[in-house]
Participant: 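Structure below; questions to follow.
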Amino acid sequence: MNLQKKLPRKFYTRNVHIVAKELLGKFLVRKIGRKYLIGKIVEVEAYDGLVDEAAHTYSGRTKRNEVMFNEGGFLYVYFTYGMHFCSNVVTGKLNEGKAVLLRALEPVNGMEQMAINRFWGKNISAWELKDLTNGPAKICRAFGIAHSENGTDLTGEEIFILASPRINANKIASSTRIGIKKSVDLPWRYYIKNNSFLSRK
DNA sequence: CCACGGATTGGCT
DNA sequence: GCCAATCCGTGGA
């Protein structure tokens with residue numbers, strides 16, 4: 001794994017479904033001081049802007065969703081259920097309002113720190129690897145992603161994604177998206193088949 | 001101004 | 001499997 005080999009802007013400015021599928025198998029990196037938190041992306045969902053009733057941007061620009069209208073390659077972080085953050089990779093061109101929700105990672109490096117971030121205060125010795133980042137809000141907890149990370153440029157030094165070979169199409173599965181009430185039949189959740197760090201089967 | 005409910009999680013039945 | 005937790009953006013009055 002080459003920490004210098006960051007995905008460039010042009011990776012992100014393409015079609016949201018292409019980017020979603022190509023993000024599978026790539027490595028999300030958070031640099032904190034000299035330490036690196038790293039996880040392999042194994043599950044995502046595409047949110048397709050104005051043609052997608054389930055997308056936050058469907059009804060137009062608001063203060064909450066404005067980062068999602070950037071061109072590709074920025075991090076859109078939102079707060080929900082009164083306690084959770086979720087992160088998205090913005091895709092496409094300026095003002096399209098499209099993004100890929102990061103739903104599950106396979107921890108690769110910095111697991112001790114992820115466990116501290118996720119379970120602060122309680123039972124810190126009993127953490128299990130597969131419970132660190134197998135859900136969209138868990139990723140944010142483990143990686144310390146919250147309000148202040150909203151709008152982070154993924155071509156920068158703080159949070160970025162490493163280039164790595166594309167996952168073979170026959171190892172990728174799709175399904176309907178999880179937890180939404182609109183556009184429930186669209187098969188826009190993509191994940192690596194049989195990976196044990198998925199948020200769901 | 002106020003009421004509603006959410007791209008979730010974890011604990012309890 | 002069910003449901004409470006706990007903010008705050010959003011939309012309707």
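Note on naming: letters A, B, ... go to the chains in the order of the sequence lines (proteins, then strands), and numbering restarts at 1 for each one.
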Participant: Which pair of non-hydrogen atoms, one from A:Asn117 and one from A:Phe143, has the smallest distance, and what is that distance?
Facilitator: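 Shortest heavy-atom separation between A:Asn117 and A:Phe143 comes out as ND2-C, 4.3 Å.
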
Participant: Would you mind reading off the distance between A:Phe85 atom CZ and C:dC7 atom P, rounded to a whole angstrom?
Facilitator: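 It is 11 Å, rounded to the nearest whole Å.
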
Participant: Measure the distance from NZ on A:Lys63 to P on C:dC8 and round it to the nearest whole Å.
Facilitator: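 Taking atom P of C:dC8 as the reference, NZ of A:Lys63 is at 12 Å.
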
Participant: Rounded to whole Å, please give me the gap between NZ in A:Lys130 and C1' in B:dG10.
Facilitator: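 To the nearest whole Å, that distance equals 14 Å.
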
Participant: Applying a 3.5 Å limit to both distances, which nucleotide forms a Watson-Crick or G-U wobble pair with C:dT6?
Facilitator: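 No nucleotide pairs with C:dT6.
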
Participant: Considering only side-chain heavy atoms of A:Tyr47, which listed nucleotide, B:dA7, C:dG11, B:dT8, is closest?
Facilitator: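 Comparing B:dA7, C:dG11, B:dT8 against the side chain of A:Tyr47, the answer is B:dA7.
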
Participant: Could you check how far CE of A:Met83 sits from C1' of B:dG5, rounded to whole Å?
Facilitator: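 A:Met83 atom CE is separated from B:dG5 atom C1' by 13 Å.
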
Participant: Could you measure between the two P atoms, the one in B:dC2 and the one in C:dT6, and give it in whole Å?
Facilitator: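 B:dC2 and C:dT6 have their P atoms separated by 23 Å.
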
Participant: Under 4.0 Å, counting only non-hydrogen atoms across every strand here, what does A:Arg177 touch: a base, just sugar-phosphate, or nothing?
Facilitator: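 Touches nothing.
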
Participant: Any side-chain N or O of A:Arg103 below 4.0 angstrom from OP1/OP2 of B:dT8?
Facilitator: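 Yes, A:Arg103 has a side-chain N/O under 4.0 Å of OP1/OP2 on B:dT8.
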
Participant: Quantified in whole Å, what is the P atom distance between nucleotide C:dA4 and nucleotide B:dC4?
Facilitator: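 Nearest-Å result for C:dA4 against B:dC4 at atom P: 15 Å.
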
Participant: What is the distance, rounded to the nearest whole Å, between atom CH2 of A:Trp127 and atom P of B:dT9?
Facilitator: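 Whole-Å distance recorded here is 18 Å.
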
Participant: Show the nearest heavy-atom pair for residues A:Tyr36 and A:Asn109, with the distance to one decimal.
Facilitator: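 Minimum heavy-atom separation between A:Tyr36 and A:Asn109: O-ND2, 2.8 Å.
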
Participant: Mind checking if A:Ala54 touches a base, just sugar-phosphate, or nothing, with heavy atoms under 4.0 Å?
Facilitator: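 Answer is base: heavy atoms of A:Ala54 come under 4.0 Å of a base.
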
Participant: Compare the minimum distances between each of B:dT9, C:dG9, B:dG10 and the side chain of A:Asp131, then state the nucleotide with the smallest one.
Facilitator: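 The listed nucleotide nearest to A:Asp131's side chain is B:dG10.
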
Participant: P atom, C:dG1 versus B:dA7: distance in rounded Å?
Facilitator: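 Their P atoms lie roughly 22 Å apart.
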
Participant: For B:dA7, does OP1 or OP2 lie under 4.0 Å from any side-chain N or O of A:Lys182?
Facilitator: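 For A:Lys182, the contact criterion (side-chain N or O under 4.0 Å from OP1 or OP2 of B:dA7) is not met.
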
Participant: State, to 0.1 Å, how close A:Asn150 and A:Val77 come at their nearest heavy-atom pair, and which atoms those are.
Facilitator: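 Taking A:Asn150 first and A:Val77 second, the nearest heavy atoms are OD1-N, 2.8 Å.
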
Participant: Ignoring hydrogens, what is the shortest heavy-atom contact between A:Trp188 and A:Asp48? Give both atom names and the distance.
Facilitator: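 Taking A:Trp188 first and A:Asp48 second, the nearest heavy atoms are CZ3-CB, 3.6 Å.
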
Participant: Side chain of A:Phe79, heavy atoms from C-beta onward: which of B:dA7, C:dC7, B:dG10 has the nearest atom to it?
Facilitator: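 Closest of the options to the side chain of A:Phe79: C:dC7.
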
Participant: Check the distance between B:dG6's P and A:Glu53's CD and give it to me in whole angstrom.
Facilitator: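 The distance from CD of A:Glu53 to P of B:dG6 comes to 14 Å, rounded to the nearest Å.
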
Participant: With distance as the sole criterion, do the side chain of A:Tyr81 and the base of C:dA5 form a donor-acceptor contact below 3.5 Å?
Facilitator: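 Looking at the base of C:dA5, it does not pair with any donor or acceptor on the side chain of A:Tyr81 (distance under 3.5 Å).
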
Participant: If you only use heavy atoms from C-beta on, which nucleotide in B:dT8, B:dA7, C:dG9 is closest to the side chain of A:Ala137?
Facilitator: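 Of all the options, the side chain of A:Ala137 is nearest to B:dT8.
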
Participant: To the nearest Å, give me how far apart NZ (A:Lys181) and P (C:dT10) are.
Facilitator: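 For the pair A:Lys181 NZ and C:dT10 P, the rounded distance is 18 Å.
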
Participant: Hey, what's the ring geometry for A:Tyr76 with A:His56, parallel, tilted or perpendicular (30° and 60° as the breaks)?
Facilitator: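 Aromatic pair A:Tyr76/A:His56 classed perpendicular.
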
Participant: Which nucleotide sits closest to the side chain of A:Arg64: B:dG10, B:dA7, C:dG9?
Facilitator: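 The listed nucleotide nearest to A:Arg64's side chain is C:dG9.
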
Participant: Can you find a side chain N or O atom of A:Arg200 that sits less than 4.0 Å from OP1 or OP2 on B:dT8?
Facilitator: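 Indeed not, no polar side-chain atom of A:Arg200 lies that close.
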
Participant: Find the partner of B:dA7: check Watson-Crick (N1-N3 plus N6-O4 or O6-N4) and G-U wobble (N1-O2, O6-N3) distances, both under 3.5 Å, and reply none if neither fits.
Facilitator: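 Pairing partner: none.
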
Participant: Start at the 5' end of DNA chain C and walk down; is the nucleotide closest to A:His147 or to A:His84 reached first?
Facilitator: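 Per heavy-atom nearest nucleotide, the more 5' residue is A:His84.
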
Participant: Heavy atoms from C-beta onward define the side chain here; which of B:dT9, C:dT10, B:dA7 lies closest to that of A:Thr62?
Facilitator: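 Looking only at side-chain atoms, A:Thr62 lies closest to C:dT10.
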
Participant: Taking atom CG of A:Asn194 as the centre, report whether more than 12 heavy atoms of other residues, nucleotides or ligands fall under 6.0 Å from it.
Facilitator: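 Result for CG/A:Asn194: open.
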
Participant: To the nearest Å, how far apart are A:Arg141 CZ and C:dT6 C1'?
Facilitator: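 From A:Arg141 CZ to C:dT6 C1': 14 Å.
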
